[in-house]
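Everything below concerns the one structure shown next.
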Amino acid sequence: MIRITLPDGTAREVARGTTPADIAAAIGPGLAKAAIAARVDGELRDITRPLDADAQLALVTSRDEADALELARHDFAHILAEAVQGLFPGTQITFGPSTDDGFYYDVMAPASRGPFTMDDLPAIEEKMRAIIAADKPLRREVMARDALIATWQNAGESFKAEWAAELPEGEELSVYWSGNDWMDMCRGPHLTSTGKLDPAAFKLTRVAGAYWRGDQNNPQLSRIYGTGWLNKKQLDAHLLRLEEAAKRDHRRLGQDMDLFHLQQEAHGSVFWHPNGYLIWRELEAYMRRAIDGAGYKEVKTPQVMDARQWEQSGHWGKYRANMFVIPDEVPNVDDEGPVISGEADWMALKPMNCPAHVLIFRQGIKSYRDLPLRIYENGCCHRNEPHGALHGLMRVRQFTQDDAHIFCREDQIVEEVQAFCALADRVYKEFGFTYSIKLALRPDQRFGSDADWDKAENELRDAVVRAGLATPEFGWEELPGEGAFYAPKLEWHLTDAIGRTWQVGTIQSDRVLPERLDASYVGEDGARHRPVMLHRAIFGSYERFIGILIEHYAGRFPVWLAPVQAVVATITSEADGYAHDVTAKLKAAGIRVESDTRNEKINYKVREHSVAKVPHLLVVGMREAEEGKVAIRSLGSDGQRIMTLDEAIAMLSHEATPPDIR
RNA sequence: GCUGCUGUAGCUCAGUGGUAGAGCGCGUCAUUGGUAAUGACGAGGUCGGGAGUUCAAUCCUCCCCAGCAGCACCA
């Protein structure tokens, strides 16, 4: 007999080999029906897997949503694989986990046909529904590793065989049978049968390439994605969320709101239109106030430097593949012959600002009294990113960082990092973001001694601990292996209005670059010392941050950031004169305002400016003109507020003032 | 960079082996209206670029470029 303890503390003596399903049945028929899996000593397991020792047991039902979704998605993935093999014999299966909103399965299409495409999805979905309708039992079986490898090899499943062969020798491996005709190697757990899934709760969404084991050098497989839920209602809600997210897409809003454009002759670099650049200018002004107040000095450094300088900084060796290089010569102007000789020295566009800031630091002799020295630049950088990585404003080839480097003594690091935490906190809150902080620890490939890494990691961790931010509610987490090759990183991950996260801010403590570029200061002792260099950014880049803001606000910018803050719209042309007066007064008060005296109906104007997401529409007709008032209709509300022009100016001026100086 | 898909008017998209169409937008005229589309008329396109097949290519084939989704990358 074994002793099974339930969550309420009661215990039952049952025979070895009893299953959680048996226990559920013994407790009551309702639970027996509702239970879909079990947690045995905290581990999620099949409800039909026999218990073989004393254990804590919790029965899982669909009310335990996270567990239930995990199980369902995992099952959907298996059924997807079974369906694909059923429809396309010769397809090899590899690996198919659950994801945040569903599942995918990586398969290798048979050589007789090309990779799978979207056109294949309806048939696969139909087949999956047939498998669910057949209510095939899902049965766990333990196999010896060697037997399993042989099974895979006989079935022509070379990926599975390769994988099984790499699992520890002698280990027992579990497989799951779907009925008696299909099986997959899997740790489980699964539901008891395919019929437990709701056939209306999933949808295959797309097909894409993915490398076997995530390695570019391996064969590329077809990855079939699906979204999967417990019921149709959840699925529909999810599809609606996707639609909402698509409506916020910054590429679409950027075009609709005439903020910027991209075109193929300059792919990966942004053409900022007047409206978009107004947002940029507001952010720049905001950031300048922030860094001025925090004791930074702003600089501007060269866009192009000699390759030898990049050799010395280490970028030429490590980063050249992503750099734009330029021959330092006058191009051949004859029509005959090559444009360049190929013999000139190379220069390169800067991919980052750090070396230039060290060069400024090195001018003149620095004393310990000069430290910490905080050098800031709106630094325009170019990186030749892989083409497939480019994405709207989020990943571009030319971008401007709000970049600063703090040169300081070792004993100043913690204080500086803490001050940065406070500054970042203020900025992110003023834009309405919540955030989490993560510490990216040393990667496998790195410069510097373990002792230095210990020190650097501890400094960053200490600073966050002292700032009181290293807590679960700030999402504190340490990420092994994710640091840069020269330094650990603190990363700020923002959560936007619809719950997506974006990594933007960072601070890194670097002892490598000051060494390579020979930066030093004279200490109290009269000797030369190496400063530590803190790399830091809050927006990350203006391009990306604006992209995030567009999606965060869904284009409805707060008034201080809105490119056009108000439009004065007339009802009849008789009010044109008054409208121009109102516009002039608002302009004089510093409001970005336009007047709309076009020969159009007010309905049309209301619609157009609403769609354009103008925060305030000031409607004026003869009534307003006679009384010296305006009727304000604000974005997001249907009603209007009648107020005097002075009241309107006061309100708009307040809203148009950036939050940091309000 | 890899796999798949896409590229037609300013935008969103339809379409065909015999050199193109809609809606919105734009222009002109009429209309002067009270809070999400007034009406009429009109102008706009080497159908991403190049090569090939064909009597004939926007359509079929190949190459290139860019975009989209994912992968890989993002020191």
Side-chain angles (χ1 to χ4, degrees), chain A residues 99 104 106 108-109 114-120 205-225 246 249 251-252 255-256 258 261-268 313-315 317-323 351-352 354 383-392 394-397 399 440 443 445-447 482-487 489 503 508 510 512-513 535 540-541 544 569-576 597-612 617-624 631-635 637-642:
Chain A
T99 63
Y104 65 80
D106 287 349
M108 173 64 95
F116 294 106
T117 69
M118 292 291 284
D119 296 337
D120 296 313
T205 49
R206 56 180 171 263
V207 182
Y211 299 105
W212 168 235
R213 315 182 117 195
D215 186 336
Q216 230 184 145
N217 301 310
N218 286 338
Q220 191 158 33
L221 310 165
S222 290
R223 175 170 298 177
I224 302 176
Y225 281 92
D249 191 303
R251 293 165 298 185
R252 178 178 175 154
Q255 184 174 68
D256 290 351
D258 196 16
H261 86 269
L262 297 158
Q263 67 181 60
Q264 80 178 67
E265 289 75 9
H267 68 283
S313 68
H315 294 94
K318 287 233 170 225
Y319 204 69
R320 194 174 49 204
N322 284 29
M323 288 168 68
M352 47 200 77
C354 345
R383 296 183 189 174
N384 198 348
E385 302 283 2
H387 288 192
L390 299 176
H391 180 89
M394 302 303 189
R395 189 87 177 268
V396 287
R397 305 209 298 176
F399 54 92
Q445 300 275 333
R446 59 179 181 262
F447 284 168
E482 304 257 323
F485 73 86
Y486 53 81
K489 297 195 273 195
Q503 201 242 296
Q508 309 160 16
D510 177 9
V512 174
L513 203 57
H535 304 244
S541 81
R544 191 167 137 83
T570 49
I571 292 168
T572 80
S573 55
E574 287 173 88
D576 285 1
T597 54
R598 290 175 305 168
N599 178 9
E600 295 291 350
K601 292 191 172 176
I602 191 62
N603 288 352
Y604 182 87
K605 294 183 184 181
V606 166
R607 179 183 149 77
E608 189 168 270
H609 299 300
S610 299
V611 167
L617 187 60
L618 282 61
V619 178
V620 297
M622 286 320 287
R623 234 158 38 216
E624 287 75 17
I632 297 195
R633 181 189 168 108
S634 301
L635 191 62
S637 63
D638 288 336
Q640 58 173 349
R641 285 172 290 172
I642 312 274

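Values below: every heavy atom of this structure, side chains too, minus hydrogens, waters and symmetry copies.
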Scan [X] against the nucleic acid and name what it touches under 4.0 Å (heavy atoms): base, sugar-phosphate only, or nothing.
{"X": "A/Tyr104", "value": "nothing"}
{"X": "A/Lys318", "value": "nothing"}
{"X": "A/Ala569", "value": "nothing"}
{"X": "A/Glu624", "value": "base"}
{"X": "A/Phe485", "value": "base"}
{"X": "A/Met622", "value": "base"}
{"X": "A/Ser610", "value": "base"}
{"X": "A/Gly214", "value": "sugar-phosphate"}
{"X": "A/Gln263", "value": "nothing"}
{"X": "A/Val619", "value": "base"}

Q.
Between the base of B/A69 and the side chain of A/Arg206, is there a donor and acceptor pair under 3.5 angstrom?
A. no
Q.
I'd like to know if A/Glu574 reaches the base of B/U32 with its side chain such that a donor and an acceptor end up less than 3.5 angstrom apart.
A. no
Q.
Which nucleotide, if any, forms a Watson-Crick or G-U wobble pair with B/G70, using both distances under 3.5 Å?
A. B/C2
Q) Given that both distances must come in under 3.5 Å, which nucleotide forms a Watson-Crick or G-U wobble pair with B/C55? A) B/G18
Q. Out of B/C73, B/G33, B/C2, which has the shortest distance to the side chain of A/Tyr211?
A. B/C2
Q.
As a test of reading the structure: which of B/A69, B/C71, B/C73 is closest to the side chain of A/His391, going by heavy atoms?
A. B/A69
When the [atom1] atoms of [M] and [N] are compared, how many Å lie between them, rounded to an integer?
{"N": "B/G15", "M": "B/A9", "atom1": "C1'", "answer": "14 Å"}
{"N": "B/U12", "M": "B/A72", "atom1": "C1'", "answer": "33 Å"}
{"N": "B/G48", "M": "B/G7", "atom1": "P", "answer": "8 Å"}

Q: Would you kindly compare A/Gln220 and A/Val606 by the position of their nearest RNA chain B nucleotide and give the one closer to the 5′ end?
A: A/Gln220
**Q.** Nearest-nucleotide 5' precedence on RNA chain B, A/Ser573 against A/Leu221
**A.** A/Leu221
So, is [X] near the phosphate of [N], with a side-chain N or O under 4.0 Å from OP1 or OP2?
{"X": "A/Arg633", "N": "B/A36", "result": "yes"}
{"X": "A/Tyr604", "N": "B/G25", "result": "yes"}
{"X": "A/Arg251", "N": "B/C68", "result": "yes"}
{"X": "A/His387", "N": "B/A66", "result": "yes"}

Q.
Using 30° and 60° as the class boundaries, would you call the ring planes of A/Tyr104 and A/Tyr225 parallel, tilted or perpendicular?
A. tilted
Q) Rounded to whole angstroms, how far apart are CZ on A/Arg623 and P on B/G33? A) 12 Å
Q: Determine, for A/Asp215 against A/Arg213, whether the closest basic-nitrogen to carboxylate-oxygen distance falls under 4.0 angstrom.
A: no
